Amino acid sequence: MKHPSEDQIQAYIDHKLNPEDKEMVRNHLRTCPVCRRTVRSYQRIYEQLKVEPNWQFSLQFDARVMRKISKESLGEIYNKLWYALLIFGIFIAVISITVAYTDAQSYLNMVRNISLPRFDMNWDFLKSFNFLPDVSSLFKGTKLNAHFMVLCIIVLVVIVLIDQAIQFARTRTHQGV
Amino acid sequence: MSDVTDKDLIDAILAGNQRAFEEFMQRYKNLVRHIIVRMIANTADREDLGQEVFFKIYHNLGTFRFASKVSTWVAKIAHNACVNYLQKKKIPLLENNYLEEDKNGITLERFRGDGQSPLESVEQENAAALIQAAIEQLPVHYRSVITLYHLHEMSYAEISEIMGLPEGTVKSYLFRARKILRHKLARVYAEEAAVT
Ligand SMILES: [Zn+2]
């Protein structure tokens, strides 16, 4: 009587034999106590292989991972702040340069001797929309002035926009669109 | 939250929801733990490796394309972290985990009980302990294969992807590992050895 190989017996327990071989092994097992014992010892091993290792991570495991991750995302916030600061600096520089040379006409006249056709923008017409409160009057007598407040708001908006842009870029690379 | 799909969970994590990552960690902690426990003997380093694995998962979540199951991807990261660790420590992945046959013999002797006939003296409990001890002595790669196959019911294809080995190799490691375990067990069950 030829015994099936151990590989065949393992495959039999795994349900990985083709129907003919399965039938062959099954018939053999009916008549062979030796192979039946082999099957039994394999079954015992299979049972043990299903037993979970009992070693566990420490109770602080989750908290430690989460702390490490939050620290990391804090790093990202710092990165964003750094970006915002940089942009803020550029913004201030641009503003101050523009303020210095608001009158492009005279600037160009000065450096290049070019004269542009003159057109005067008169912002006085805005005063006819009197639904806007006279903001500057609110700051009369204080050291704050309306222009400064407007500048602050613009800077804030710019920071928020940059933040959003970075976040958008981040999710896009993440989803790999 | 258990009815939330992995996809939803990952989207939530990528949107910055850290709670979602805690849930994700709960889902895959056992898988990562089993891989690490079976590959790394040093208990002090297991904790650090586990943290490293989840940190890596968090970082690379954005690159995951759902081309494979999340479990396969997670297992691969855990497996690679362990392989790197073992290589750094110059621990071989395919050699037996014991030095000499003698030492192994002593381990088996311990389970032989007190002089009664082997089959009776080795109680079910002892047999279980023996098999668990024998698993620990298998080569690292064999231990990984049997863990993924038997404990997590993964297919050859999945295991092959996780370990970066051909399916045929995975299959042969699996069959050889179980054969080794059986023969170790048979040595204790002297009666069985006598018949074969
Ligand atoms: Zn037989």
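Quick caveat: nothing in here was measured; it's all calculated off a predicted structure. Throughout, protein chains are lettered first and strands after them, A, B, ... in sequence-line order, and every chain is numbered starting at 1.
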Does the B:E47 side chain pair with the main chain of A:S58, one donor and one acceptor, at a distance under 3.5 Å? yes
Rounded to the nearest 0.5 Å, what separation is found between the CG atom of A:L49 and the CZ atom of B:R143? 13.0 Å
Name the region of B:I36, side chain, backbone, both or neither, that has any atom closer than 4.5 Å to a heavy atom of chain A. side chain
Kindly work out whether a path of hydrophobic side-chain contacts (I/L/V/M/F/W/Y, heavy atoms less than 4.5 Å apart) joins A:L156 to A:L151. no
Heavy-atom count check: over 12 atoms from other residues, nucleotides or ligands less than 6.0 Å from B:K56 NZ? yes
Answer yes or no on whether A:K16 is positioned over the face of B:Y156, meaning its NZ or CZ is under 6.0 Å from the six-membered ring centre and within 45° of the axis. yes
Donor-acceptor pair, distance only, cut-off 3.5 Å: does the side chain of B:R33 make one with the backbone of A:P53? yes
Is there a salt bridge (Lys or Arg N to Asp or Glu O under 4.0 Å) between B:R178 and A:D14 once you walk through the steps? CA-CA 12 Å; B:R178 293 187 299 211; A:D14 274 337; 2.7 Å; yes
ILVMFWY cluster, B:L14 and B:V74 together (side-chain gap under 4.5 Å): yes
Please check if the number of heavy atoms outside A:K50 that lie under 6.0 Å from its NZ is greater than 12. yes
Under the side-chain contact (heavy atoms from CB on, under 4.5 Å) rule, what do B:F175 and A:E6 come out as? Steps first, then yes or no, please. CA-CA 9 Å; B:F175 278 68; A:E6 284 203 34; over 6 Å; no
Honestly curious: do A:L59 and B:V37 fall in one hydrophobic cluster under the side-chain, below-4.5 Å linking rule? no
Passes side-chain contact (heavy atoms from CB on, under 4.5 Å), A:F61 versus B:K29? Steps please. CA-CA 10 Å; A:F61 184 84; B:K29 206 157 120 186; 4.1 Å; yes
Give, for atom CG of B:N30 and atom CZ of A:F57, the distance between the pair rounded to the nearest 0.5 Å. 9.0 Å
A:V65 vs B:F55, side-chain contact (heavy atoms from CB on, under 4.5 Å): CA-CA, chis, key distance, verdict: CA-CA 7 Å; A:V65 173; B:F55 196 61; 5.7 Å; no
Among B:L185, B:I131, B:L130, the one residue meeting side chain to side chain contact (heavy atoms under 4.5 Å, CB included) with A:Q48: B:I131
State whether the number of non-hydrogen atoms from other residues, nucleotides or ligands found under 6.0 Å of A:F88 atom CZ is greater than 12. no
Just wondering, are more than 12 heavy atoms of other shown residues or ligands nearer than 6.0 Å to CD in A:Q60? yes
Among B:T43, B:N60, B:T147, which residue has the highest count of heavy-atom pairs closer than 4.5 Å to chain A? B:T43
Measuring from A:R44:CZ to B:L181:CG, what's the distance to the nearest 0.5 Å? 13.0 Å
Pick from B:E153, B:Q132, B:E52, B:R176: which one has the most heavy-atom pairs with chain A under 4.5 Å? B:Q132
Path from A:L29 to A:I45 over hydrophobic side-chain contacts below 4.5 Å: no
Linking I/L/V/M/F/W/Y whenever any side-chain heavy atoms sit under 4.5 Å apart, do B:I13 and B:F66 land together? yes
What distance separates B:F54 CZ from A:M66 CE, expressed to the nearest 0.5 Å? 11.0 Å
Nearest heavy-atom approach of B:K179 to A:Y42 is CA-OH, 3.4 Å
Atom NZ in B:K184, atom OG in A:S41: separation rounded to 0.5 Å? 15.0 Å
Please lay out, stage by stage, how B:R182 and A:Q10 fare under the test side-chain contact (heavy atoms from CB on, under 4.5 Å). CA-CA 11 Å; B:R182 191 183 91 81; A:Q10 288 191 36; over 6 Å; no
Using non-hydrogen atoms and a 4.5 Å limit, figure out which bit of B:I135 sits close to chain A: side chain, backbone, both or neither. side chain
Any chance CG of A:N54 has more than 12 other-residue heavy atoms, nucleotides or ligands included, within less than 6.0 Å? no
Reported CE-to-CG distance for the pair B:M25 and A:D62, which is rounded to 0.5 angstrom: 4.0 Å
